[in-house]
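Below, chain A is the first sequence line, B the second, and so on; all start at residue 1.
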Amino acid sequence: MERYYQKEIETAPREQIRAWQDERLVSTVKRVYENVEYYRNKMDEKGVKPEDIRSAADLYKLPFLTKDDLREAYPYGLLARPLKDCVRIQSTSGATGKRVIAFYTQHDIDLWDDCCARAIVAAGGTEDDVVQVCYGYGLFTGGPGLNGGSHKVGSLTLPMSSGNTERQIQFMCDLGSTVLCCTPSYAAYLAESIIERGVRDKIKLKAGIFGAEAWTEEMRRDIENKLGIKAYDIYGLTEISGPGVSFECSEQGGMHINEDHFIAEIINPVTGEVLPDGEKGELVFTSITKEAFPLIRYRTRDICVLNREKCPCGRTHVRMSKPMGRSDDMLIVKGVNVFPSQIEMVLLQKGLTSNYQIVVDRANNSDSIEVKVEMTPELFSDTVQHLALKENEITEALKSVLGIYAKVSIVEPKSIVRSEGKAVRVIDKRHLY
Amino acid sequence: MSIRQLSVFTENKRGSVYETLQALADGGVNIHALSIADTTDFGILRLIVDDLGKAASLLKEQGKVVSVTDVIGVQMPNVPGGLARILALLARKEVNIEYLYAFIAEVKENAYVVLRVEDNAASEKALREAGFTLLKDEDIKKL
């Protein structure tokens, strides 16, 4: 039996969801036009008035918002409520440039926690569960989001934050954690460490909620097998609220977007034109219940597909695919678009660890790409010839997927730096920007 | 009849072999013979040691990737042509040698060669029939 945190909302008829979206969008647009000079200017520039927006069908008339807008308006330029109503800020990692901050009223936090609670219940979480949150706490939304969601569900929450693997494993064994929340790369690292320490039979995990970075199906199966759990994807971004903008149900076939709070669109990233469902393009979000920091048509840079087919889990909210690439992550090497996720897929298919690093460099105006991957006992052989063959096999597989030659270097185990937050997968030494 | 050799994956970077050898030294493992096969990126360190089980677990603790391979150890007179005679025999039998390395022990009259071939059993038989003494694992400690 599928369980829901807010059944009436999560399984609401489509007409009901559309009615919520129409009403909330109209009032949000009116509110930002009146209260936020930045939005007013943008809308005036495009010749759109709040009266032009009568339903969600009019969304396309509104201007887009990008991360650059958020930086330009930093820190208070997009605030839609007086500061006295705000109770917290969160911030992006600043991985792609200057940090961006988002503001929350108590009501905003409350709704955000609901979204995370939906994700935890969809992953099988109940008040009897022990939820170990090893996303970072602090400015990063991962820890606070899942922490709040876990409280709402009524689970016992372990606010571990990231790092200190020794202590993570100890608490996991001693307190019998059943749900693990962290980045997929840290989950993979934890799984390895648990097996190394021979404590696999001492853990009681049944589910994991992993997000905040790109990961593949192969990596999911790897973590699931090593930990004996079901691994659920969760998606979100600080600008929109944090984790829980969308989440996976037991079907593991895409993430349900919480459409009572967020309207999703897919656009052509070059022309800005809205694409029909099922087409691949850039995901754009409009938050329609946020008080302090509502964003209208925010371009996420994530490339996804939306799926409105009925989900067997009973939820009626649209599903988004796992992001297939991110224009921020995308590398252009020798003029070819390269996504780290493509490389990871090849390595996992060849039975290698998910610990790899991509180094891009340029010499004599020519790009080079090197993939460093750690040696494993399964891969190791006693003769140079066999190892060279293996390297060659991986090189060929990469070439057929990427379309360009990438040098493969096998390095010693544990020699690639593992960060306990986000994995540093790419080192670009070209300094092109 | 074959002897067991420990192979260690070694990245081509400063101090890599030293780390391995220091770990063995700290654990009191003695090395009788050693060879390195290398490419520009990595190397394979091959070792004949007095306590293979201990050496393997010490290196795994260090995070090294190791493997154990059966190789042939042959005793030969420590004179000019000692090794050539063995190789002549194997060539006649059309045995492909993947790699080899030789060492001498405290008894200076004898030297030893470690051979990695495709078919251990056939080569061992040929060598024994030609009168060569083959090393066993328990002989290693006495060298």
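Of the residues considered (B/A37, B/S16, B/S7), B/S7 shows the highest number of contacts with chain A, using heavy-atom pairs under 4.5 Å. Ranked by non-hydrogen atom pairs under 4.5 Å with chain B, the options A/V384, A/D382, A/T383 are led by A/D382.
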Evaluation steps, ring-ring contact (aromatic ring centres under 6.0 Å, His included), between B/F42 and B/F9: CA-CA 8 Å; B/F42 61 83; B/F9 178 77; 5.5 Å; yes

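For B/K60, no part lies near chain A; criterion is any non-hydrogen pair under 4.5 Å. There is no contact between A/E196 and chain B, counting heavy-atom distances below 4.5 Å. Interface remark: A/K407 contributes side-chain atoms only to the contact with chain B (heavy atom separation under 4.5 Å). Contact annotation for B/S67: both backbone and side-chain heavy atoms come within less than 4.5 Å of a heavy atom of chain A. Contact of B/V66 with chain A is made through the backbone alone, with heavy-atom distances under 4.5 Å.
Interatomic distance, CD1 of B/I72 versus OG of B/S2, reported as 7.5 Å (0.5 Å rounding).
Looking only at atom types and distance, the side chain of B/T133 has no donor-acceptor partner in the side chain of B/Q75 under 3.5 Å away.
Side-chain contact between A/E213 and A/S185 is present, with heavy atoms from C-beta onward closer than 4.5 Å.
B/T10 places a side-chain N or O within donor-acceptor distance of the main-chain N or O of B/V8, the cut-off being under 3.5 Å.
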